[in-house]
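One structure below.
Note: hydrogens, waters and symmetry copies are ignored here, and every other heavy atom, side chains too, is used. Counting starts at 1 for both ligands and their atoms, following the listed order.
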Amino acid sequence: MIRKWWKEQVVYQIYPRSFYDSNNDGIGDLNGIILKLDYLKLLGVDTLWISPHFDSPNDDNGYDIRNYKKIMEEFGTMEDFDLLLSEVQTRKMKLIIDLVVNHTSDEHNWFIESKSSKNNKYRDYYIWKAGDKNHPPNNWTSFFGGSAWEKDPISNDYYLHYFSKKQPDLNWENNKVREEVYEVMKFWLDKGIDGFRMDVIPFISKDQNFNNLSKNEFSNPEKVYSLGPRLHEFLKEMNSKVLSRYDIVSIGEAFGINEQTMIKLSDQREKELDLVLLFDIIRIGRENWIQNKWNLVELKKLFTVQSNVDEFHWPTVFLNNHDNPRSVSKYGNDKEYRIKSAKLLAMLTLTQRGTPVLYQGEEIGMTNYDFTELTQFDDLEVLGNLSKAISSGISKKEYVLHLNNTSRDHARTSMQWNSGPQAGFSSYDNNWFLSNPNSSFINVKNDLIDRNSVFHFYKKLIEIRKNSKDLIYGDYFDLDPNHQNVFIYKRVGINLTYLIILNMSNSSLTYNFNNLTEYSLEFSNKRENPNISSNYIELLAWDALMFKK
Ligand code: ISL
Ligand code: CA
């Protein structure tokens with residue numbers, strides 16, 4: 001197995017807007033992150049990934065970049081960024097930034113120029129097509145509602161935007177665009193950052209035929225958008241011109257890709273990317289704004305598929321990010337078993353094979369927010385898909401009920417630092433977004449004091465993981481793929497074998513397992529020792545146990 005620093009670290013994603021507001025204007029900022037670095041060091045995470053910190057009109061909370069070399073005003077200044085980077089490095093941690101180069105903001109200078117006239121030298125930085133009369137060039141749809149084409153009254157041409165109309169797609173066919181992107185990447189790499197998380201990177205290549213989506217491609221256009229013919233060529237060029245020249249990690253957000261694309265994208269021999277963030281696990285049972293039932297057997301299959309690739313690939317393991325509901329609400333039980341099930345999910349994430357990517361707040365078992373009104377949501381994706389939802393035959397009320405299981409806004413409520421106003425995120429009383437009232441009992445301050453908290457469970461597990469090359473690199477074997485409630489797997493290292501048993505259900509059960517007595521209990525979320533015999537173990541609801549031998 002080829003050893004790399006990014007295979008051995010635990011990544012922690014920060015959504016700066018919701019993390020900590022140091023100057024009490026109601027918006028999280030870079031200095032807020034600096035003030036919390038000692039907290040993150042205490043937790044034991046070593047690589048920080050921050051969501052976009054660049055100048056932006058915040059149509060999509062920073063995923064619409066207006067200037068790649070300027071800091072978003074609300075977040076602070078370039079001096080603040082340089083200080084953040086050096087404070088991270090002082091603590092022997094690493095910093096990854098979010099590279100959003102499939103599209104820019106429509107307020108980016110390139111687009112303002114491009115839109116100004118057909119023969120402007122920036123015209124071909126974006127994708128312009130003539131429609132016919134009042135029809136867009138094809139039937140491609142945007143993820144934020146409506147057509148993926150916006151008509152420009154000046155030239156009567158349409159421009160492509162897979163996301164909001166304020167996020168025009170860059171034209172990667174144009175090598176001037178590619179050179180501009182590589183220059184932006186070097187600007188940040190030469191500051192000393194440790195890598196990039198690349199936003200919807202599989203979308204950068206577009207099939208120049210611009211064929212219509214077929215009927216069954218409509219519900220998941222990302223499956224088509226991620227099959228552009230020059231994707232691998234572009235990434236190989238990016239790798240040879242930029243990525244290969246630094247000791248960094250490149251993580252592709254692999255929205256929509258199929259297995260062979262995944263295999264190619266993250267195969268070390270292909271010299272494209274190092275890691276990919278797959279959607280299969282985090283979107284299990286999902287259909288747009290609807291969360292259907294899923295079962296543990298399906299989930300276990302997905303872990304096995306991603307864990308058992310060859311030594312040229314390395315998985316990532318995550319159950320949370322800024323685009324998905326909170327894991328304890330989705331996979332655990334955020335009511336009577338919130339703490340215990342949050343600990344179980346910590347054990348799952350931190351003992352699987354692959355680089356764990358945690359998200360702010362999961363380490364204290366933060367939950368979804370109980371939205372009741374459409375007006376409470378911030379995410380443009382919610383309003384963008386409203387008409388589609390209504391025309392699918394559901395009421396606004398039902399749409400909100402679905403969003404309570406699927407909205408991206410669940411992950412964007414204020415990070416909960418204490419039980420004070422606004423969860424201690426800010427002392428400003430009119431923040432950009434909501435704070436969850438359950439911060440009265442779910443918050444960092446409480447968790448730091450309570451030795452049995454979710455925080456201390458994550459902290460201990462991160463420590464165990466970082467001190468065990470066998471747990472990091474050990475082979476993965478699912479020991480009972482068909483069990484409906486129990487997730488039991490082994491990690492077989494050179495010296496040590498770990499056995500993890502998770503009861504992912506509200507019911508207790510007796511689990512038959514021979515030679516368990518050969519193992520010693522390493523760690524668990526139980527207060528008392530488990531009842532074990534030579535051929536069975538009693539499992540209570542949400543028991544999570546880690547053995548080794
Ligand atoms: O699944 C989705 C589309 O309905 C969204 O969660 C999201 O658009 C998708 O996962 C891609 O996400 C990335 O690109 C978007 C941005 O809004 C997301 O925050 C980012 O993670 C456009 O930049
Ligand atoms: Ca602020």
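Within the coordination shell of the Ca ion (ligand 2), defined by N, O or S atoms under 3.0 Å, E74 is absent. Among the backbone and side-chain atoms of N23, an N, O or S atom lies under 3.0 Å from the Ca ion (ligand 2). Note on I27: counted as a metal contact of the Ca ion (ligand 2), an N/O/S atom lying under 3.0 Å.
Note on D29: its N/O/S atom closest to the Ca ion (ligand 2) is OD2.
Remark: E180 does not engage K176 in a salt bridge, criterion side-chain N to carboxylate O under 4.0 Å. Ion pairing between K165 and D106 fails under the 4.0 Å rule for side-chain N and carboxylate O. With salt bridges taken as basic N to acidic carboxylate O contacts below 4.0 Å, one links R408 and D379. Using a 4.0 Å cut-off between charged side-chain N and carboxylate O, D323 and R412 make a salt bridge.
D323 OD2, 2.4 Å is the protein heavy atom nearest to atom 21 (O) of ligand 1. Ranking the protein heavy atoms by distance from atom 6 (O) of ligand 1 puts R283 NH2, 2.8 Å first. D199 OD1, 3.1 Å is the protein heavy atom nearest to atom 14 (O) of ligand 1. Of all protein heavy atoms, the one lying nearest to atom 8 (O) of ligand 1 is F163 CE2, 3.2 Å. Counting only heavy atoms of the protein, atom 16 (C) of ligand 1 lies nearest to D60 OD2, 3.3 Å. Of all protein heavy atoms, the one closest to atom 12 (O) of ligand 1 is E253 OE2, 3.1 Å.
For ligand 1, the atoms lying closer than 4.0 Å to a non-hydrogen atom of E381 are 2 (C), 3 (C), 4 (O), 5 (C). Here is the list of ligand 1 atoms found below 4.0 Å of a heavy atom in F255: 1 (O), 2 (C), 3 (C), 9 (C), 11 (C). Residue F279 approaches ligand 1 through these ligand atoms, each under 4.0 Å from one of its heavy atoms: 10 (O). Close approach to R408 involves these atoms of ligand 1, each under 4.0 Å from a residue heavy atom: 5 (C), 6 (O), 7 (C), 8 (O), 16 (C), 17 (O), 18 (C), 19 (O). Close contacts between ligand 1 and H322 involve ligand atoms 18 (C), 19 (O), 20 (C), 21 (O) [criterion: under 4.0 Å to a heavy atom].
The backbone N or O of F210 lies less than 3.5 Å from a partner atom in the side chain of N138, making a donor-acceptor pair. When atom types are taken as modelled, the side chain of N418 and the backbone of K445 share no donor-acceptor pair closer than 3.5 angstrom. Between the side chain of W110 and the backbone N or O of V177, no donor-acceptor pair lies under 3.5 Å. Panel note: side chain Q167, backbone I65; no donor-acceptor pair is recorded below 3.5 Å.
For D21 atom OD1 and D25 atom OD1, the angle they make at the Ca ion (ligand 2) is roughly 80°, to 10 degrees.
For F196 and W188, the gap between ring centers reaches or exceeds 6.0 Å. Outside the 6.0 Å centre-distance limit, the rings of Y122 and W128 are not counted as a close aromatic pair.
For H103, the heavy-atom gap to ligand 1 drops under 4.0 angstrom. Residue-ligand proximity: F144 is placed with a non-hydrogen atom under 4.0 Å from ligand 1.
T355 and W314 share a donor-acceptor pair across their side chains, judged by distance under 3.5 Å alone.
Residues N258 and L227 share a closest heavy-atom pair of ND2-CD2, 3.5 Å.
For R197, every heavy-atom contact with ligand 1 shorter than 4.0 Å involves the side chain, none the backbone.
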